[in-house]
There are 2 protein chains.
Amino acid sequence: MIRMSKFADYGLVLMTQFLRASSAEENLSARELASQTRLPLPMVSKVLKALTREGLLVSHRGASGGYSLSRSPAKISVAEVLTAVEGPIAMTECLDSTSVCKQESVCPVRTNWERINFAVQDVLDAISLADMLEPLPDHLVTLGVGETETPSHRQ
Amino acid sequence: MIRMSKFADYGLVLMTQFLRASSAEENLSARELASQTRLPLPMVSKVLKALTREGLLVSHRGASGGYSLSRSPAKISVAEVLTAVEGPIAMTECLDSTSVCKQESVCPVRTNWERINFAVQDVLDAISLADMLEPLPDHLVTLGVGETETPSHRQ
DNA sequence: CTAAAATAGGACCGCGCTGGTACTATTTAA
DNA sequence: TTAAATAGTACCAGCGCGGTCCTATTTTAG
């Protein structure tokens with residue numbers, strides 16, 4: 001399957017907590033976030049630290065500390081969050097820059113995988129954190145001119 | 001990362017072998033495919049069996065047997081191949097139908113993940129096996145009306 | 001008819017990575 | 001001064017991924 005890790009998943013869920021009505025105060029502790037999301041506290045901590053290191057959150061240490069968004073949720077893309085938590089998006093191993101693929105010279109599909117990878121990245125880059133809380137506008141998740149017939153998975 | 005497994009990767013590479021110029025004869029054994037792709041034979045066998053079970057290949061047992069495509073490469077989508085080898089595409093665990101997610105009731109992003117998942121599936125469904133061997137037409141890998149600015153990952 | 005060459009369908013297995021925990025140091029508000 | 005928080009990092013179990021192997025069956029060639 002094409003699956004993202006729980007880390008990435010958690011990262012996005014946590015980030016969206018900062019824009020829920022109930023958390024308008026903007027500063028949330030790991031403990032609060034864990035209870036809001038029902039995720040295990042140590043994991044939440046770990047993910048928050050990563051998001052902070054990558055500059056998507058700012059932390060406030062000490063008593064009554066916590067985390068808050070480093071910029072407006074409309075200016076943070078889903079792709080950024082995923083990348084922050086677990087590095088560059090690479091659907092196949094060979095698209096990871098650090099990899100060396102012995103099959104590369106005889107691989108007929110690599111170039112096109114690269115383009116598909118970019119397409120997916122574009123989708124995730126075009127969706128902001130703020131977008132994730134309300135029904136996504138169609139144009140953000142549909143293909144352009146080419147699509148005419150109903151995809152098979154939609155019966 | 002959003003990563004597909006090697007199984008899926010191999011599956012696609014193997015399927016495309018059936019439409020290379022040199023294999024116009026259409027019947028390829030696991031051994032031939034392994035050497036063409038430089039992939040380990042046992043793995044190749046395993047993947048071919050899966051593709052056959054799912055009806056994308058037809059097998060010919062016995063001496064001078066092998067595999068061939070069950071239908072025209074223009075009628076087989078990339079999504080079908082991936083799904084055949086490793087089940088339905090589900091970017092998050094909760095999108096897998098068999099999963100039960102305790103966070104579901106408090107999860108603000110699930111609905112939109114579902115839509116993103118469909119978007120990715122659409123992209124992969126619109127690309128045929130035959131498409132994978134030549135440069136993909138732009139409209140298959142770009143978003144529709146919404147996209148105006150250059151995505152951040154393209155510098 | 002027999003042997004060789006294939007696929008079918010499993011069982012099996014190591015090892016790395018994912019998901020998760022724990023501990024110590026540091027910062028800071030009350 | 002103490003308690004509450006983050007920072008950093010080490011640690012760990014389990015399991016799924018990637019990979020192999022073995023036996024049974026089918027089929028063609030000689």
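All of these numbers come straight from a predicted model, not from anything done at the bench. Just so it is clear: chains get the letters A, B, ... in the order the sequence lines come, proteins before strands, and each one is counted from 1.
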Between P of D:dT9 and CE of A:M43, the distance in whole Å: 18 Å
Nearest-angstrom distance from the residue atom OH of B:Y67 to C1' of C:dA5: 13 Å
Side-chain-base donor-acceptor pair under 3.5 Å for B:K46 and D:dG19: yes
Interatomic distance where CZ belongs to A:R3 and P belongs to C:dT18 [whole Å]: 14 Å
Spacing between A:E86 atom CD and C:dG19 atom P, to the nearest angstrom: 8 Å
Any B:S59 side-chain N or O less than 4.0 Å from OP1/OP2 of C:dA8: yes
Donor-acceptor pair under 3.5 Å, A:K6 side chain vs C:dG19 base: no
B:L41 CG to C:dA5 P, straight-line distance once rounded to whole Å: 14 Å
Position toward the 5' end of DNA chain C (nearest nucleotide), A:F7 or A:A63: A:F7
Side chain of B:P42 (C-beta onward), nearest among C:dG19, D:dT20, D:dT6: D:dT20
Beyond-backbone contact of B:E93 with A:D9, side-chain heavy atoms, under 4.5 angstrom: no
Given DNA chain C, 5'-ward residue of the pair B:H60 and B:E93, judged by closest heavy atom: B:H60
Side-chain heavy-atom pair A:L133, B:N112 within 4.5 angstrom cut-off: no
Under-4.0 Å side-chain N/O to phosphate OP1/OP2 contact, A:R31 with D:dA4: no
Rounded interatomic separation in angstrom, taking CG from A:L39 and C1' from C:dG19: 12 Å
Interatomic distance, B:K49 NZ vs D:dG18 C1' [rounded to whole Å]: 15 Å
NZ/NE/NH1/NH2 to OD/OE distance under 4.0 Å, A:E86 and B:R3: no
Atom CZ of A:R31 with >12 non-hydrogen neighbours under 6.0 angstrom: no
Quiz item: A:R61 side-chain donor-acceptor pair to C:dT28 base, under 3.5 Å: no
Distance below 4.0 Å between B:Y10 side-chain N/O and D:dG19 OP1 or OP2: yes
Given DNA chain D, 5'-ward residue of the pair A:G65 and B:S64, judged by closest heavy atom: A:G65
Interatomic distance where CG belongs to A:D9 and P belongs to C:dT18 [whole Å]: 15 Å
Student check: side-chain heavy atoms of B:V109 and B:Q103 closer than 4.5 Å: no
